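Some notes on the structure that comes next.
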Amino acid sequence: MNAETPIVRPPIAMLAELTHRCPLSCPYCSNPVELARVDSELSTETWKDVFRQAADLGVLQLHLSGGEPASRRDLEDLVCAARDAGLYTNLITSGIGLSEKRLRALDEAGLDHVQLSLQGTTPEMADEIGGYNGGFKRKMQVAEWIGAIGFPLTLNAVLHRRNLHQLPRALEMAVEMGARRIEVATVQFHGWALKNRGALMPTMEQAREADRIVTEARARLKGTLVIDYVPADYHSDYPKRCMGGWGSTGLNVAPDGKVLPCHAAESIPHLSFDNVADRPLADIWYRGAAFNAYRGTDWMQEPCRSCARKTVDFGGCRCQAMAVVGDPDATDPVCVKSPHHGALQAQAAAHSVSDAPLVHRAVPARRQTEPTG
Ligand code: SF4
Ligand code: FES
């Protein structure tokens, strides 16, 4: 073993993308431009087996996501199986597609936690961004039911140039709803979202103001609300430690069973991905080619290779290096040490004053789902 070969530990969390079907059409959707077809989705029994394999592998937290996971009519059954496997279950939802009856059934099935997305703090903003009339009203109703049932709640607010001014109200709403945590995530440009850099890129002033608001709110709301914050990285000097480091803490399973080191990994053309239908999950995690492609630090080029921060951020985000520089092995261009950093900042400045229109996620009509239950 080479001195830099990482010791591979079991993953802590698994994101199960149960379906790409979704009633919303958010322009910042980070799912791939080419969505998994409904008829390629894993069956109920296969998902249950994947959950058991995940628990055996050492996964503790299961995030049930999509698309909109409530679009799966077997969601309650899946939650039940995940709980039986000993996993902590978190439902990541827009709320659209959930009725009170269905939430109660999920509670009965053993769901531990709900993460509700927020597209805006007013009906006008939320419905415009989500591309779904009446979505905000319905979401507020769902939030009430979540509170009444007593699910621990995390609010997830995706912020960008058009709604960053609503950040203070989003924080207030989280407190009013009794949420324990809010994720303030400045839009990340992966998948479909790349088409909307001109429409959504925050200005540098907005990014700085958001930093200030979050710092102030963290001090003021200590003990009441935990604030997780993903800053506007195009305006930052150092990249984020994407996925906590490639193949180190988590894995994603796509609707069709492909096992991915991160949700945007399919944008890296030289990688090939194993499927849970063909190979055991543990084997994929420890020995799969995609998981080992960027584990640790051996793969790094300069300037990362000789940088003191290389085990802090692991060179940033591979998918961002691919999307912006065209080379997934390159230093994330967000980094000041990247030769592409200046160009990225110039791009960010240009995008932030662009009058490009919003391009909503294209959702074929047959993918639309109505509230069930
Ligand atoms: Fe991180 Fe690489 Fe930049 Fe160093 S050079 S701070 S390791 S991205
Ligand atoms: Fe793939 Fe960051 S999203 S490494």
Side-chain angles (χ1 to χ4, degrees), residues 4 6 8 11-15 17 20 28-34 63 65 92 156 158 183 185-197 228 230-254 258-274 284-285 288-345 348:
E4 289 193 281
V8 183
I12 296 164
M14 183 169 90
L15 184 82
E17 295 174 6
H20 277 157
Y28 54 69
C29 181
S30 60
N31 281 336
V33 172
E34 204 51 49
H63 303 287
S65 168
I92 301 177
N156 173 246
V158 179
E183 280 185 17
T186 316
V187 64
Q188 303 289 296
F189 293 104
H190 296 298
W192 187 270
L194 260 178
K195 294 178 187 290
N196 278 296
R197 282 188 292 185
D228 291 332
V230 180
D233 62 359
Y234 277 42
H235 293 302
S236 301
D237 287 340
Y238 289 106
K240 64 182 181 300
R241 177 180 171 127
C242 201
M243 289 298 291
W246 184 276
S248 68
T249 57
L251 73 167
N252 291 11
V253 182
K258 263 187 229 148
V259 187
L260 310 174
C262 68
H263 63 278
E266 286 181 279
S267 64
I268 301 179
H270 79 88
L271 295 181
S272 59
F273 302 98
D274 293 298
I284 297 173
W285 172 258
F291 279 86
N292 283 303
Y294 297 110
R295 256 190 184 127
T297 56
D298 272 359
W299 58 272
M300 288 178 176
Q301 307 173 348
E302 293 296 345
C304 293
R305 177 168 281 277
S306 53
C307 177
R309 285 176 58 93
K310 69 179 176 183
T311 53
V312 175
D313 59 35
F314 289 96
C317 175
R318 297 305 86 227
C319 302
Q320 187 142 272
M322 179 68 221
V324 177
V325 181
D327 176 6
D329 295 18
T331 296
D332 187 330
V334 165
C335 180
V336 279
K337 297 184 186 179
S338 161
H340 304 281
H341 179 73
L344 184 83
Q345 294 219 306

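For reference, positions follow the sequence shown, starting with 1. Note that ligands are numbered from 1 as they come in the structure, with each ligand's atoms numbered from 1 the same way. As the structure is a prediction and not an experimental result, all values here were calculated from the model.
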Below 4.5 Å, heavy atoms only, C-beta onward: do His235 and Thr186 meet side chain to side chain? no

Does the side chain of His190 come within less than 4.5 Å of Cys317's, by heavy atoms? yes

Near Glu34 CD, under 6.0 Å, is it more than 12 heavy atoms from other residues, nucleotides or ligands? no

Heavy-atom pair of closest approach, residues Ile268 and Arg318: CD1-CB, 3.9 Å

Lining ligand 2 at under 4.0 Å, by non-hydrogen atom distance, are residues His190, Cys242, Trp246, Cys262, Cys317, Arg318, Cys319

Kindly indicate, with the supporting measurements, whether the criterion side chain to side chain contact (heavy atoms under 4.5 Å, CB included) is fulfilled by Leu344 and Tyr234. CA-CA 7 Å; Leu344 184 83; Tyr234 277 42; 3.7 Å; yes

Distance-only donor-acceptor check, side chains Tyr294 and Asp329, under 3.5 Å: yes

Below 4.5 Å, heavy atoms only, C-beta onward: do His341 and Asp237 meet side chain to side chain? yes

Check atom 1 (Fe) of ligand 1 and write out every protein N, O or S atom at under 2.8 Å, as residue and atom. Asp313 OD1, Asp313 OD2

So, do Lys337 and Arg309 sit near enough that their side-chain heavy atoms are less than 4.5 Å apart? no

Correct closest heavy-atom pair for Ser267 and Cys319 would be OG-CB, 4.0 Å

